[in-house]
Amino acid sequence: MASNPLIEIRNFRLEKIEKLRALGINPFPSKSHRTHYAQPIKDDFDNLIEQPAVVAGRLVSWRKQGGLSFGTIQDQTGRIQLFVQKKSLEATNPEKSCVGYPDLSLMDVGDLVEAEGAIFRTQRGEISIRVERLRILSKSMRPLPDQWFGLKDREQILRKRYLDIILNKESQDRYEKITLMVAAIRKFLNERGFLEFNTPVIQPQYGGGTAKPFKTHVNDLGCDMYLAISHELYLKRLITAGYDKVYTIGRYFRNEGIDKSHHPEFSMVETMTAYENYEYNMELVESMFRHVAKTVFGRTVFKVGEHEVDFEPKWKRAFMADLVQEQTGMDFRNISDVEEANSKLKELGVHEVAPSVGEAMVLAFEEKVEPTLIQPTLVYGHPVEISPLAKPMESDPRFVERFEIFIAGMECGDNWSEQNDPKHLLDTWRKNYKPEEKESGDFHALDFDFIEALEYGMPPTTGIGPGLERMAMIFTEQENIDDVIFFPMMRPSVSKLNADLYGIEKGATSFGEELVVTFDELASLSESGGLAPETATVTLQPHLHIWDLSAKEGSWKVSGHVVVEGFFMNGTLRIAGYTQVYDKKPDTASANKSFIEQAIQQLEPVMKKTFPNARIKLEEPTGGCV
RNA sequence: GCCUCCAUAGCUCAAUCGGUAGAGCAGUUGACUCUUAAUCAAUUGGUUGUAGGUUCGAGUCCUACUGGGGGUACCA
């Protein structure tokens, strides 16, 4: 067992925990008596010199040299050095739960500790605590990754972000800034008279955008629901209710591709403002970005990829058709025929075929214009075909009152004057609805409950929805969305080591689907071709439980199942249904033997016959007394 | 979904043409009263992601799988 260095270290530390307990010291007390944080002590050293202080945090380094030791504590604000002298450190004392000099070996780098003493500066100039009492706040059992080289393994950084934060100040600062960014947005909107509401994340009918949803089930209501792909239909109900300025900072779930700028679960600040149109939002969103840049990050120029983006100057506002004309020389406003529009697209080297002139223009825009929009730009006047929820422009109803924000070629928010004519929405939906597209998420059923709300009358309204992750990427100058999401989505996995340590049956495997069938079901399913192995080797792992039923029934029950690997790439097949009753307690070996005789030897011929090409491998049984 | 690269000790990395798996940090033991990547001495630690294959011999070559990265597609 202890052949592994991590397990060895962990065992040493578990022993230290017991030694602390033996000394009468609780290795996991409930609170500390912190009076000062690290960085403020350094910032205000002149006024604090020789003042008493209690600091608390993680011990991140420990340099012992005989009668004098130096440690470093890291708290949320920064680091401060501990100066620990043998002669002035209070002896181990259970009453004060402090650890004395001879017992310092019970402390390890990684432990959470508390140090009490005077603030001073060492001969070498380091602001420190001259420690008089040292307490353990939480004993750490696992070694931290290398202090100097940090955590480089990308997978570990993403799976164990907390380690990245402990070791990497830049990461810590980044996530702190992101929460401050959200706070600044709240303050900005609140000061402008907006009210924040919670809107449902689990929705009976997804709407407000086109995206594949995540489906879930509500047991008590006995029906399927969806995770929100958008919150806007609920914000509009709030507008209908009579609140004129509302917003939500919501979670959005879209069951689509994951890449450097897309994550299935993301955030938006979505607003709705009544009695205004999209021009109001141009000002709102521009001011919001500038406000966040200045108040949280203290500057307006940011590096995005190889570009520098400046939020200070007034943002460029441009009509989409004009931009397309500028870049391509083609004015789609003068084209009325779809075929002509598509042939123009081909000239541009776009081989996708658009179903309408408007959509052709958007393709040309995405292909030729989007990458050129580096400085913050508001592009307005989308074709009506792609904007069913927006209001057409009075001057030219082929286009709608809608704008998108582009920063460094990246789309950072969508905004429009909301279509509040329910009959218009209904007609648009009827015209476009294809029931067969519903399941794929390409198109979806209308939220009729929302239509009804609109029939009571919703004032003219406009909303914005900038994505918070995209915003965070720009402001923290990150190129990967995983570096602004603290817990990015990953396939679940259990390391072999943890599987051993925690007694998990199978390590290093991912959790997937589990199918449970009986021995008879397997035989019939296999023969009918309903089940077939996907790999050349099929592993049979018998698993037994021995149940003590003596209290009730005066007997022992052995139940077993076989975990079969090889049938599903991403899951396990479990064959259950074996039960045997004994009068007295059976020993594990004989129970296993009986199980194998009765079950496996029944199973093996069936599998060999049905799957002649598969290699059947039988593993040692596991399990035991419950 | 497709293409491609990566996986060696707890962490960071070596290992020549296919030929005995090594180092630093961390850990353990000891020395040391101004260190700060402390230093010095000794020492523990490995089924090279998993399962197969080729070979006298595989960390290295081949196949499949798992996990991750990058690209691309779909997608606000």
Side-chain angles (χ1 to χ4, degrees), chain A residues 2-13 15 60-72 79-88 101 105 108-110 120-128 130 141-160 163 167 208-212 229-230 252 254-264 266 268 366 386 404-405 410-414 440-442 465-467 469-470 479-480 482 488 490-497 506-510 512 534-537 539 565-566 569-570 615 617:
Chain A
S3 61
N4 178 299
L6 175 73
I7 294 174
E8 196 181 296
I9 290 169
R10 189 168 172 271
N11 285 341
F12 271 117
R13 294 200 180 185
E15 275 173 32
V60 289
S61 76
W62 202 214
R63 299 176 294 279
K64 294 177 203 179
Q65 33 181 38
L68 179 64
S69 294
F70 298 88
T72 307
R79 295 180 167 199
I80 191 161
Q81 180 170 269
L82 306 182
F83 179 92
V84 187
Q85 254 176 319
K86 188 175 184 176
K87 63 178 185 198
S88 44
Y101 211 89
S105 64
D108 293 294
V109 168
F120 83 116
R121 197 190 284 273
T122 61
Q123 287 172 23
R124 292 292 178 93
E126 180 81 18
I127 295 172
S128 309
R130 192 190 295 118
M141 296 173 205
R142 293 200 184 218
L144 290 171
D146 192 282
Q147 280 291 317
W148 189 244
F149 295 102
L151 197 57
K152 293 253 178 75
D153 184 337
R154 181 76 181 153
E155 184 176 352
Q156 297 304 315
I157 289 174
L158 298 180
R159 284 191 193 278
K160 304 179 189 169
L163 289 180
L167 296 168
T210 48
K212 295 187 184 77
I229 62 164
S230 168
Y252 294 68
R254 298 186 178 177
N255 210 340
E256 282 162 4
I258 303 176
D259 61 35
K260 282 174 95 166
S261 59
H262 294 83
H263 194 263
F266 64 101
M268 258 197 239
E366 286 172 353
I386 62 160
E404 286 182 297
I405 308 157
M410 188 160 66
E411 200 245 287
C412 293
D414 205 352
S440 71
D442 289 341
E469 283 79 10
R470 300 255 171 111
E479 293 182 27
N480 196 325
D482 284 344
M490 307 278 281
R491 281 207 173 82
S493 88
V494 179
S495 71
K496 199 179 167 190
L497 201 65
K506 273 279 173 187
T509 56
S510 63
E534 288 183 33
T535 58
T537 310
T539 318
E565 281 189 9
M569 283 309 153
N570 222 346
R615 181 176 3 197
K617 210 174 117 188

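Convention: sequence-line order gives letters A, B, ...; per-chain numbering from 1. No hydrogens, no waters, no symmetry mates; every other heavy atom, side chains included, goes into these values. What you see is a predicted model, and the numbers here were worked out from it, not measured in a lab.
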(Q) I need the CD-P distance between Glu155(A) and rG68(B), as an integer number of Å. (A) 6 Å

Q) Under a 3.5 Å cutoff on both atom distances, Watson-Crick or G-U, what's the dot-bracket for RNA chain B ([ ] crossing, | other strand)? A) (((((((..((((.....[..)))).(((((.......))))).....(((((..]....))))))))))))....

Q: Can you see which heavy atom on Ser61(A) is nearest to which on Arg63(A), and at what distance?
A: OG-NH1, 3.1 Å

Q. At their closest point, which heavy atom of Asn4(A) faces which heavy atom of Leu6(A), and how far apart are they?
A. OD1-N, 2.7 Å

Q) Please give, in whole Å, the distance from rG10(B) P to Leu497(A) CG? A) 7 Å

Q.
Using a heavy-atom cut-off of 4.0 Å across all strands, would you classify Asp153(A) as base, sugar-phosphate, or nothing?
A. sugar-phosphate

**Q.** Interatomic distance where NZ belongs to Lys260(A) and C1' belongs to rC74(B) [whole Å]
**A.** 18 Å

Q: Write down the distance separating the P atoms in rU36(B) and rU20(B), rounded off to the nearest Å.
A: 40 Å

Q) Using a cut-off of 4.0 Å on non-hydrogen atoms, how would the nucleic acid contact of Gly150(A) be classed: base, sugar-phosphate, or nothing? A) sugar-phosphate

Q: Quick one: do Glu479(A) and Ser261(A) satisfy side chain to side chain contact (heavy atoms under 4.5 Å, CB included)? Show the steps, please.
A: CA-CA 8 Å; Glu479(A) 293 182 27; Ser261(A) 59; over 6 Å; no

Q: Would you indicate what Gln156(A) reaches in the nucleic acid, counting non-hydrogen atoms under 4.0 angstrom: base, sugar-phosphate, or nothing?
A: nothing

(Q) Syn or anti for rC13(B)? Use the chi torsion, O4'-C1'-N9-C4 for purines and O4'-C1'-N1-C2 for pyrimidines, with syn inside 90° of 0. (A) anti

Q: For Asn255(A), answer base if it contacts any base atom (sugar-phosphate contacts may also be present), sugar-phosphate if it contacts only those atoms, and nothing otherwise; contact means non-hydrogen atoms under 4.0 Å.
A: nothing

Q. What integer number of Å spans the C1' atoms of rU12(B) and rC56(B)?
A. 36 Å

Q) Looking at residues at least two apart in the chain, or sitting in another chain, which of them share a side chain to side chain donor-acceptor pair (under 3.5 Å) with Arg79(A)? A) Gln74(A)

Q | Pairwise C1' distance for rA23(B) and rA9(B), with rounding to whole Å | A | 11 Å

Could you run down the sub-3.5 Å N/O contacts of the protein with nucleotides 27-30 of chain B?
from, atom 1, to, atom 2, distance (Å)
rU28(B), OP1, Lys16(A), NZ, 2.8

Q: Go through the structure and list residues passing side chain to side chain donor-acceptor pair (under 3.5 Å) with Glu469(A), not counting sequence neighbours.
A: Ser267(A)

Q) For the side chain of Arg470(A) and the backbone of Glu411(A), is there at least one donor-acceptor N/O pair under 3.5 Å apart? A) yes

(Q) Please tell me if Asn4(A) has a side-chain N or O lying less than 4.0 Å from either OP1 or OP2 of rA9(B). (A) no

Q | Shortest non-hydrogen contact from Gly150(A) toward Pro145(A) | A | O-CB, 4.4 Å

Q. If you look at every strand shown and take non-hydrogen atoms under 4.0 Å, does Leu144(A) touch a base, only sugar-phosphate, or nothing?
A. nothing

Q: Kindly give the heavy-atom pair with the smallest separation between Trp148(A) and Asp146(A), and that separation in Å.
A: N-OD1, 2.8 Å

Q.
Checking the side chain of Asp108(A) only, and the main-chain atoms of Gly110(A) only, is there a donor and an acceptor separated by less than 3.5 Å?
A. no

Q.
Between P on rC32(B) and OH on Tyr101(A), what's the gap in Å once rounded to a whole number?
A. 11 Å

**Q.** Nucleotide-resolved protein contact map, nucleotides 36-43 of chain B, B/S/- at heavy-atom distance under 4.0 Å
**A.** BBB-----

Q: Give one of base, sugar-phosphate or nothing for Arg142(A), where a contact means two heavy atoms less than 4.0 Å apart.
A: nothing

Q. Do the side chains of Ile9(A) and Arg142(A) get nearer than 4.5 Å, heavy atoms only?
A. no

Q: Send over the distance from His262(A) NE2 to rA73(B) P, rounded to a whole Å.
A: 12 Å

Q. Expressed in whole Å, how much space separates the C1' atoms belonging to rC17(B) and rG59(B)?
A. 15 Å

Q) Under 3.5 Å, side chain of Tyr101(A) to main-chain N/O of Leu68(A), donor-acceptor pair present? A) yes

Q | Atom-pair distance (CG on Leu6(A); P on rG45(B)), nearest Å | A | 15 Å

(Q) Asp482(A) and side chain to side chain contact (heavy atoms under 4.5 Å, CB included): which single residue from Arg154(A), Lys260(A), Met490(A) fits? (A) Arg154(A)

Q. Considering only the C1' atoms, how many Å lie between rG46(B) and rU29(B), rounded to the nearest integer?
A. 23 Å

Q: Produce a footprint string for nucleotides 1-8 of chain B: one letter per nucleotide, 5' end first; B if the base is under 4.0 Å from any protein heavy atom, S if only the sugar-phosphate is, - if neither.
A: --------

Q. How far, in whole Å, is rC2(B) from rU48(B) if one measures between their C1' atoms?
A. 30 Å

Q: Select from Glu411(A) and Gln123(A) the residue whose nearest nucleotide in RNA chain B is closer to the 5' end of that strand.
A: Gln123(A)

Q: Take Met268(A) and Ser230(A) through the test side chain to side chain contact (heavy atoms under 4.5 Å, CB included) and record every step on the way to the result.
A: CA-CA 9 Å; Met268(A) 258 197 239; Ser230(A) 168; over 6 Å; no

Q: Could you measure between the two C1' atoms, the one in rA51(B) and the one in rU43(B), and give it in whole Å?
A: 36 Å

**Q.** Between rA14(B) and rA7(B) - P atom distance, rounded Å
**A.** 9 Å

Q: Starting from P on rC11(B), measure out to CG on Leu167(A) and report it in whole angstrom.
A: 12 Å

Q: Take the protein atom CG of Leu151(A) and the nucleotide atom P of rA26(B), then report the distance between them rounded to whole Å.
A: 17 Å

Q: Looking at every strand, decide which applies to Phe83(A) at a 4.0 Å heavy-atom threshold: base, sugar-phosphate, or nothing.
A: base

(Q) Let's see if you can work this out: which of rC74(B), rG70(B), rG68(B) has an atom nearest to the side-chain heavy atoms of Asn480(A)? (A) rG70(B)

Q | Cation-aromatic face contact Arg130(A)/Phe83(A), 6.0 Å, 45 degrees | A | no

Q: Indicate the atoms forming the closest heavy-atom contact of Val109(A) with Trp62(A), along with that distance.
A: CG2-CB, 3.7 Å

Q: Would you name the heavy atoms of Leu163(A) and Leu144(A) that are closest together and state the gap between them?
A: CD2-CD2, 4.1 Å

